[in-house]
Each structure stands twice: as structure tokens, then as C-alpha cells.
Protein chains: 2
Amino acid sequence: MTTIADVAKHAGLSRATVSRVINNYQYVTEEKKKLVRDAMNELGYYPNSSAQRLRNQKTNMIAILVPRLTNPFFTNIIEGIEKVAAENGLQLLICQTKSDKQKELNYFKLLKTKQVDGIILTAIENDWEKFSPFLDCGPIVLCNEYDEEATVPMIRLNQFEGSYIGTRHLIERGHRKIGYCGGGSMSGLSTDRKNGLKKALEDIGLTLNPDWIFLKRYSIEDGQKVMKEIAAMDDRPTAIFTGSDEVAAGVIKESKNSGIKVPEDLAVIGFDNQPIAEMIEPGLTTIEQPSEEIGEKAMETMVAVLNEQKFDTSLNGLSLELVVRDST
Amino acid sequence: MTTIADVAKHAGLSRATVSRVINNYQYVTEEKKKLVRDAMNELGYYPNSSAQRLRNQKTNMIAILVPRLTNPFFTNIIEGIEKVAAENGLQLLICQTKSDKQKELNYFKLLKTKQVDGIILTAIENDWEKFSPFLDCGPIVLCNEYDEEATVPMIRLNQFEGSYIGTRHLIERGHRKIGYCGGGSMSGLSTDRKNGLKKALEDIGLTLNPDWIFLKRYSIEDGQKVMKEIAAMDDRPTAIFTGSDEVAAGVIKESKNSGIKVPEDLAVIGFDNQPIAEMIEPGLTTIEQPSEEIGEKAMETMVAVLNEQKFDTSLNGLSLELVVRDST
DNA sequence: TCGATTTCTGAAAACGATTTCAATTGATTA
DNA sequence: TAATCAATTGAAATCGTTTTCAGAAATCGA
């Protein structure tokens with residue numbers, strides 16, 4: 001491997017000068033700059049990044065923790081994150097937690113071992129206190145997720161409002177027996193959604209039937225199971241509010257096997273507005289989240305924190321919108 | 001930050017001994033081991049990975065290049081890769097090329113700068129010769145892709161056969177006017193598929209109509225455009241063979257707007273057997289690829305190469321299977 | 001013309017780990 | 001008993017950069 005010393009020797013200069021050229025330090029004469037550049041080209045030199053990281057105490061690498069890559073919502077977030085990362089010369093280490101507490105926690109060791117400069121969390125599995133040993137190892141940013149205890153920047157949307165407008169929509173269509181199907185129980189996001197639904201019900205004097213609450217449902221298969229459970233009930237909801245389009249799609253798919261008609265027998269509303277919402281029949285009514293923008297904001301915040309700038313923690317301007325199709 | 005020197009001092013031993021404990025070198029007395037471990041725990045010590053990488057000249061990181069993360073086929077491959085990577089203590093750097101030549105090439109610099117030990121390619125955009133400067137910087141493994149020129153391990157399925165059996169299926173259903181819709185033109189995989197289709201046609205004395213060949217189509221939107229193009233033709237194919245379920249789904253979706261009935265007016269066959277194939281209506285007939293297994297094999301090969309073991313380059317035992325649904 | 005800046009460059013000291021080498025001890029063998 | 005060998009440890013070199021420090025050369029102002 002050719003090192004900076006080889007380049008220096010070949011150019012008849014010192015390692016220091018070569019380094020200065022690489023990092024465009026101002027006080028190097030054009031003449032020497034050219035000597036160095038020629039030497040680098042002739043030798044095909046590239047700086048060794050491990051050495052740079054060690055010396056600079058910086059990796060320019062950010063870990064991004066997602067539950068599953070197969071969920072387009074998260075890959076869209078990544079899309080946004082990646083865009084801003086590239087603009088700022090940062091690399092991304094994409095980590096799949098599979099919603100596993102231990103895996104999630106293990107990835108935090110990346111901070112301790114200095115493999116990454118910071119972490120963006122798109123979901124939370126563990127109690128927040130578990131993260132406390134890592135808080136001083138580098139910035140942590142929450143993206144599309146939040147925790148009451150957390151003292152870090154959070155980029156999030158008003159999920160409460162999202163499910164509120166979704167539920168209002170169902171109520172307007174005449175539904176009174178509305179079920180809820182969401183994600184993890186630790187998630188502030190999930191409870192917010194549940195509360196938005198509750199509020200919309202309470203507004204018209206109803207309460208959420210605990211039999212119709214399904215938690216920790218993430219995938220198409222989970223959705224299918226939910227549909228089976230509902231089909232088996234004596235007293236069924238007439239509408240179900242789900243935490244993701246995938247789960248909703250599973251519900252709709254299974255409804256065809258269970259002889260339950262959507263939306264006549266069961267209205268279904270999703271969350272995210274993924275491609276599948278448009279592809280499935282009947283088309284899925286859903287709450288659109290500007291996923292790419294959330295990712296961008298999260299990474300912008302990360303960059304700001306890394307540069308010790310101020311950042312904006314207010315509930316950001318991005319809004320959730322109801323997209324009405326045929327499932328309600 | 002606490003370093004190995006801090007641990008050494010705290011334990012009253014040398015850095016060398018601490019290092020030996022970390023790497024469980026055999027000749028350290030239990031007594032000192034305990035001293036070191038206690039010191040590490042008390043100080044909350046984690047080895048700095050940049051320093052380790054520099055010293056060991058090894059990163060334990062493998063880059064995996066995919067065109068797009070939003071395509072479930074590739075995330076499934078990643079799933080398989082990740083599984084084997086974890087078993088071997090390797091980290092994954094997931095890189096999105098967006099089918100961009102320059103981006104693809106840029107990621108190869110990861111090898112030059114020693115940010116990764118090796119690269120797994122799941123698609124090829126550039127001519128193979130472009131990669132030649134990187135071949136001696138670390139192992140490259142092709143996964144689900146190949147190139148005539150390439151001299152590196154390739155994990156691939158018999159795509160020729162895949163499209164052959166798919167086309168046979170169409171022919172059996174009475175189709176004679178069959179179109180082809182595939183990916184990049186550089187891709188050996190794509191040409192193989194086209195050739196499999198040609199062969200099946202030639203077997204019954206037909207040729208592939210060049211008007212019905214669509215290349216560089218990857219997404220749902222691309223599929224929709226293809227459908228529009230077909231709808232505008234005077235002489236339309238009665239069946240179309242697509243390179244991915246996403247494209248096929250786009251075709252089917254758009255057919256509903258164009259008043260063209262699938263499968264009556266146009267039979268559609270996909271590739272991959274992604275979740276969407278099952279969700280869309282009519283259900284998509286497709287060629288199932290064991291994507292996760294391909295990923296596993298690719299990573300196993302990478303591990304073998306890294307350990308300078310032999311590897312198996314034969315067309316591997318994984319087979320493509322026709323999944324018949326309602327679109328044909 | 002002389003002192004004070006400003007440019008420009010290189011030697012050497014970091015960064016934090018691992019490994020070689022040599023030294024020391026204790027056990028074993030001839 | 002002396003010689004050999006294995007077990008255990010630490011000092012120091014090394015991995016490839018960047019940066020500090022100091023010195024030399026060039027420029028500037030009075």
C-alpha cells in the first residue's frame with residue numbers, strides 16, 4: 001500500500017507538506033502543490049481512513065437505526081437522511097434492529113468504540129434510561145420517534161393529530177365501533193396515535209374498546225392475523241385504524257379470505273401512504289407522512305449538533321395529511 | 001475517553017498485557033486477567049476501533065452495493081448477507097448506487113481508503129474494466145449479477161432458465177406476441193433473461209419483436225410508463241415479461257387506467273416474487289428467486305475469500321421457480 | 001535599513017491499539 | 001547440577017495520518 005511517506009519521498013517533500021496539500025491548508029506554494037499532486041497521481045495514493053480517523057478523532061460516520069429495511073417508510077426516511085449526509089460529507093451506517101431490544105442496545109456500542117460520531121434512532125425499543133451511558137459519547141437524534149425522558153433533539157410529527165384526523169374521518173363516515181392496531185408499547189409515537197384516536201372518540205362521547213386494541217403489529221402478516229382475530233369476534237369493530245400501511249394491507253388481504261368486505265363490513269385506514277396503499281384493492285385510505293423530509297430534518301439536526309450549532313426542537317412544520325381512497 | 005493506557009495504569013500492568021486480555025492471548029495468568037477485567041469494567045473501557053483498524057490493517061467491514069433500498073428484492077438479499085455477516089463478526093456498510101455509474105464507482109474508493117475489507121455488488125452499472133484498479137485492494141463478490149469479463153466470485157442463479165420457463169408458461173397459455181421489459185443494458189443478468197425468452201420463442205419458430213423490448217425499467221412508475229407505451233401501439237403484444245415485480249405491478253396498475261384487461265388483453269409476468277405480487281389484483285404470476293439465500297451464499301463466499309479459503313463458483317444449487325397467479 | 005509580520009516548510013509528537021523482542025521466572029530433562 | 005524449555009510480562013516499535021512547534025525565507029512599514 002502506498003502511504004503518505006511514499007508520496008512525500010516521491011515528491012521530495014515532507015509528510016507534513018503532503019498532508020497540507022491533501023487538506024488544502026492555505027500556506028503551500030503552488031509549485032509544491034503540483035509536485036505533491038503529481039506524486040499522488042503517479043503512485044495512485046489514497047489516504048488511509050483508519051489513520052485519519054484515529055488522528056482526527058472523528059469518523060464522519062453516522063449510524064442510523066431502523067427496525068426493518070423491508071418497510072418502505074424507513075427506507076424513505078433513509079433516503080432523506082442520505083441526501084443531507086452526502087451534502088455534508090458524512091457516511092451512513094445503516095443498522096437493522098428488528099425491533100429487538102438487545103440488538104438496539106448493541107448498536108449503541110458503536111458510539112463507545114468510536115465507530116460512528118452519532119446515532120439517529122427511528123424507533124425506540126428500550127427504556128430511555130438504558131441509553132444514558134451513551135449520551136456523552138456522541139450526539140443522538142430521534143427521528144419520527146420520541147420519549148418523554150429523552151433530552152436529545154427529536155424530529156417528529158404530530159402523531160396525535162394524525163390519528164385524530166383519521167378517526168374524525170371514520171366518524172364522519174358513520175363509524176362508531178373503531179379499533180386500533182399499532183406498534184410497540186414503549187413507543188411514544190404509538191401512544192400518541194392511540195390518544196389521538198381516543199380523543200376523537202371522546203369528543204363524541206365514546207370510549208376505545210380494549211378488545212379492539214392490537215399492539216406490536218408491524219408487518220403484512222401481522223395485519224392478516226389481526227383480521228383473523230377480528231373475524232373471530234362476536235362483537236366486531238366496523239372500522240380499524242392501523243399504525244402502518246403494511247399492517248392495513250395485511251388486513252385487507254385477509255379480509256378477502258374471511259368473506260368480510262372492505263369498506264362495507266370493515267373500514268380500514270393506514271398510516272404512511274406507502275406505494276402499496278395505491279396498489280392494493282380497494283385503495284387504502286391513509287395518513288401520509290412526509291418521510292423523506294423527516295429524514296432530511298433529522299440529519300440536518302445531526303449536522304448542526306456535530307458542529308455545535310443550535311438546532312430547532314420545536315414540533316416541525318411538516319404536516320400529516322389524510323389521503324382518502326376506497327377502504328373507508 | 002479512557003484508553004488502554006488508562007486501563008493498564010489502573011490495573012498496575014502494561015498496555016501489552018491489557019491488549020492480550022482483550023484478545024484472549026493464551027499466556028496470561030488468571031490473576032492478571034481478573035485485574036484487567038476489573039479495571040476495564042470500572043473505567044467503562046471500550047477499545048477504540050480506529051486504532052484497532054489502523055494497527056490490524058483490517059476493518060471487519062464489508063460494503064454492499066445495491067441499486068435501491070426501496071426494492072424489497074435487494075433488502076431481502078441484504079437480510080441474508082447480514083445474517084452471515086453477524087455470524088462472522090463483520091459489519092455491513094450498505095451503499096445505494098441508484099443505478100448511477102459514477103456513484104457506483106465512487107463507492108469503490110472505500111476499498112482504496114481502506115474503509116472496508118471487501119465489496120459485494122448486487123448490480124453492475126459500469127463496464128467491468130472500470131473496476132480493474134480496485135481488484136487488488138480487496139475481494140469483490142458479485143451477488144445476483146455477473147459479467148463475462150469479471151474474474152471474481154459470482155453468486156448467481158440461472159436467469160436464462162428463469163425467463164425460459166416463464167416464457168414457456170406464456171406460450172402454453174397460447175401467447176405468441178410476447179414483449180420483454182428488463183433492467184440495465186450492461187447487466188449480464190438482464191441479457192440472460194432476454195436470451196432465455198428469445199430461446200423459448202425460437203423453440204417454436206418465433207422471434208422477439210424489437211418494438212416490444214423495454215430496457216432500463218426498474219420501478220413501479222417505469223412499469224406504468226411501459227403500459228402507456230404499449231397501449232399506444234397499433235400492434236400490441238398480448239403478454240409481457242418483466243424484470244421485476246415492481247415493474248409488473250406498475251404495468252398492472254396502469255392497465256386499469258388504460259382500459260386494458262389483465263390477463264385477457266395483456267398477460268403480465270414478473271420476477272422476484274415480492275410481497276406486492278400477492279397483494280395486487282390480479283395476483284401476479286412471477287418467477288420466485290430465493291433472495292435471502294443468494295445473500296447468504298454471497299457473504300459466505302466473501303468470508304471464505306477473506307480467510308483465503310477456497311470457494312465454490314459453480315452455478316449454485318438455488319433454483320428459480322414459477323409462481324402462477326392470475327395475471328397470466 | 002532594520003525590526004516586525006507573514007509565508008512556507010520539516011522534524012517530531014501525537015492518536016490508541018497490537019506485536020515483536022527480550023528478560024525473567026519456574027518447571028523439566030539429561 | 002546444568003541445560004533446556006515453557007510460561008509470563010513489559011519496553012518499544014509500529015500502523016498512517018495530522019498538527020504543533022520552531023526555524024528560515026520573504027514581505028512589509030517606518
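Here is the naming used below: chain letters follow the sequence lines, and residue numbers restart at 1 for every chain.
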The side chain of [X] lies closest to which of these nucleotides: [options]?
{"X": "B/I4", "options": "C/dG10, C/dA17, D/dA11", "answer": "C/dA17"}
{"X": "B/Y45", "options": "D/dT9, C/dA17, D/dT19", "answer": "C/dA17"}
{"X": "A/N56", "options": "D/dA7, C/dT18, D/dT19", "answer": "D/dT19"}
{"X": "B/Q57", "options": "C/dG16, D/dC15, C/dT18", "answer": "D/dC15"}
{"X": "B/I22", "options": "C/dC8, D/dT9, C/dT18", "answer": "C/dT18"}
{"X": "A/S14", "options": "D/dA7, C/dA11, C/dT19", "answer": "C/dA11"}

Side-chain N or O of [X] less than 4.0 angstrom from OP1 or OP2 on [N]?
{"X": "A/T29", "N": "C/dT9", "answer": "yes"}
{"X": "A/N48", "N": "D/dC15", "answer": "no"}
{"X": "B/Q52", "N": "C/dT18", "answer": "yes"}
{"X": "B/S19", "N": "C/dT18", "answer": "yes"}
{"X": "A/Y27", "N": "C/dC8", "answer": "no"}

Calculate the interatomic distance between [X] atom [atom1] and [N] atom [atom2]; express it in whole Å.
{"X": "B/L54", "N": "D/dG16", "atom1": "CG", "atom2": "P", "answer": "7 Å"}
{"X": "A/N24", "N": "C/dT7", "atom1": "CG", "atom2": "C1'", "answer": "17 Å"}
{"X": "A/D6", "N": "D/dG16", "atom1": "CG", "atom2": "P", "answer": "9 Å"}
{"X": "A/L43", "N": "D/dG16", "atom1": "CG", "atom2": "P", "answer": "14 Å"}
{"X": "B/K33", "N": "D/dA7", "atom1": "NZ", "atom2": "P", "answer": "13 Å"}
{"X": "A/R20", "N": "D/dC21", "atom1": "CZ", "atom2": "P", "answer": "13 Å"}
{"X": "A/M1", "N": "D/dT17", "atom1": "CE", "atom2": "C1'", "answer": "11 Å"}
{"X": "B/L13", "N": "C/dT24", "atom1": "CG", "atom2": "P", "answer": "18 Å"}

Could you check whether B/N144 and B/T122, counting side-chain N and O atoms only, form a donor-acceptor pair closer than 3.5 Å?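 Absent: no donor and acceptor within the cut-off.
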
Can you confirm whether the side chains of B/R53 and B/Q115 place a donor and an acceptor under 3.5 Å from each other?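 The answer is no; no qualifying pair exists.
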
Using heavy-atom distances to pick each residue's nearest nucleotide on DNA chain D, tell me which of B/K32 and B/A51 is more 5'.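 Counting from the 5' end, the first nearest nucleotide belongs to B/K32.
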
Start at the 5' end of DNA chain D and walk down; is the nucleotide closest to A/T3 or to B/A16 reached first?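 Comparing both residues, the 5'-ward one is B/A16.
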
Is the closest basic N to carboxylate O distance between A/E79 and B/K98 below 4.0 Å?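 So A/E79 pairs with B/K98 through a salt bridge.
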
Within the modelled atom types, does a donor on one side and an acceptor on the other bring the side chain of [X] and the base of [N] under 3.5 Å apart?
{"X": "A/R55", "N": "D/dT18", "answer": "yes"}
{"X": "A/R53", "N": "C/dG16", "answer": "no"}
{"X": "A/R15", "N": "C/dA11", "answer": "no"}

For the side chain of B/T75 and the backbone of A/T70, is there at least one donor-acceptor N/O pair under 3.5 Å apart?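 The answer is no, because no donor-acceptor pair under 3.5 Å joins these two groups.
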
Is a side-chain N or O of A/N41 found less than 3.5 angstrom from the main chain of A/D38, in a donor-acceptor match?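 No, A/N41 side chain to A/D38 backbone: no donor-acceptor pair under 3.5 Å.
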
side-chain hydrogen bond (donor to acceptor under 3.5 Å, both in side chains), paired with B/N126, selected from B/E104, B/K101, B/Q102: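 It is B/E104, the one option of B/E104, B/K101, B/Q102 that forms the side-chain hydrogen bond (donor to acceptor under 3.5 Å, both in side chains) with B/N126.
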
